[in-house]
Structure formats: structure tokens, C-alpha cells
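All chains are named by letter (A, B, ...) in the order of the sequence lines, taking the proteins before the strands, and each is independently numbered beginning at 1. Because the structure is predicted, anything quoted here is derived from the model rather than measured.
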Amino acid sequence: MKEPSLLDVSPEKAGQDLVGLVLTVVELLRQLMERQAIRRVDEGDLTDEQVERIGTTLMMLDQRMTELCDQHGLRREDLNLDLGPLGSLLPYG
Amino acid sequence: MPATEPVPWDTDEFVAPVGVPLVDLLDRLLATGVVVSGDLVIAIAEVPLIRLSLHALLSSVNKKVPAPWADGGPL
């Protein structure tokens with residue numbers, strides 16, 4: 001009688017949740033930086049060149065997040081955490 | 001104006017989440033700035049093993065709270 005596989009964890013899937021948690025923290029920081037950048041740009045004490053570089057950097061970060069999620073077979077929505085009555089960690093959509 | 005009857009908190013039906021993503025709250029917290037200070041001792045069976053003494057300023061960089069380095073800094 002074949003021993004029932006108690007834990008059918010393929011090596012690839014094993015690390016997926018851990019990577020998801022790491023990417024969630026990275027996404028949280030990325031969104032925080034994005035909001036802080038918007039506030040800082042609103043103050044108006046930055047040169048146009050700085051604003052331009054901040055914008056492109058944030059855009060590249062966003063694309064990088066999508067690539068990282070694809071590499072590990074995750075969707076961007078999976079990074080969101082549901083904190084019950086507190087709502088969600090990240091905005092939906 | 002009739003006093004509005006307070007919303008019961010301990011209802012059994014599902015209480016809708018507050019609706020504000022936590023990241024927005026953190027953002028506003030950073031914008032206003034916060035100081036976290038405290039002491040933490042982790043002990044087992046009354047034997048103190050680990051001590052964490054925390055004095056952290058968590059704030060966004062603005063005129064009142066300048067960055068310690070002139071340029072962007074090492075990070």
C-alpha cells in the first residue's frame with residue numbers, strides 16, 4: 001500500500017509562500033515610498049530633473065515588482081494581506 | 001435632531017472592514033512623524049535574556065526633520 005504522501009510539497013511550490021511574504025514587505029515599502037514621493041513633489045522644492053528621476057525610478061520599480069511576481073508564479077493581488085476588521089494591508093486593484 | 005442611535009459593536013453579522021488600507025495609515029503616520037521609545041526585556045522563567053531599548057524617530061524628510069546627510073546619503 002503506497003504510503004500516503006502526507007506533505008505533497010513540490011520543491012518549487014515550497015518557497016512560494018515565503019517569497020510571497022518577502023514580496024509583500026517589498027510592495028508595502030514601495031507603495032509607502034510612492035506616496036511619500038508624491039507628498040514631497042507636492043511641496044514643490046524639488047528641481048524638475050529630480051522629479052523626473054523619481055518618477056522613472058518608481059515606474060521601473062513597479063515593473064520590476066510585476067516581473068518578480070511572474071517569476072515566482074504569483075499575482076500582484078496575492079501580495080495583499082487581509083487584516084480582518086482592520087481592512088486590507090494594501091489597496092485592492 | 002434625534003440623537004442617532006450608536007452603531008452596536010458586538011453584532012454577529014460581518015462587520016465591514018474599516019476600508020482604509022493600512023499603507024495609507026502608515027503614510028499619514030510618516031507624514032506627521034512619530035517617535036517610538038520603549039524598553040523590552042524578554043525573559044524565560046524570570047531570567048531576563050534579551051533587552052531591546054528603542055528610541056526611534058519615524059518621519060518623512062521635510063524642513064522640520066532634515067536628512068542628516070547633505071546629499072542623498074549612503075543608502
If you count heavy atoms of other groups shown closer than 6.0 angstrom to CZ of R39(A), is the number above 12? yes
Would you kindly confirm whether L58(A) and L28(A) end up in one hydrophobic cluster when ILVMFWY residues are joined by side chain heavy atoms under 4.5 Å apart? no
Is there a path from L81(A) to L29(B) through hydrophobic residues (I, L, V, M, F, W, Y) whose side chains come within less than 4.5 Å of each other? yes
I want to check something: taking the side chain as every heavy atom from C-beta on, are N62(B) and R40(A) in contact at a cut-off of under 4.5 Å? no
So do the side chains of K63(B) and E43(A) get within less than 4.5 Å of each other, counting heavy atoms only? yes
Heavy-atom count around M65(A) CE within 6.0 Å, excluding the residue itself: above 12? yes
Transitively linked via ILVMFWY side-chain contacts under 4.5 Å: L21(A) with L29(A)? no
What is the minimum heavy-atom distance between A31(B) and Q36(A), and which atoms define it? N-NE2, 4.0 Å
Structural part of R35(A) lying under 4.5 Å from a heavy atom of chain B: both
Enumerate by number any residue of residues 33-45 of chain B whose heavy atoms lie under 4.5 Å from heavy atoms of chain A; in the absence of such residues, state 'none'. none
Tell me, for L83(A) versus chain B, whether the close heavy atoms (under 4.5 Å) come from the side chain, the backbone, both or neither. side chain
Test side-chain contact (heavy atoms from CB on, under 4.5 Å), reference L89(A), set V23(B), L22(B), L26(B), output is L22(B)
Using the rule that Ile, Leu, Val, Met, Phe, Trp and Tyr join whenever any side-chain heavy atoms are under 4.5 Å apart, tell me whether L46(A) and L30(B) fall into a single cluster. no
Can you hop from I54(A) to V61(B) via hydrophobic side chains spaced under 4.5 Å? no
Output the distance between atom CD (E34(A)) and atom CG (D27(B)), rounded to the nearest 0.5 Å. 10.5 Å
Is it the case that more than 12 heavy atoms not belonging to D48(A) sit under 6.0 Å from its CG atom? no
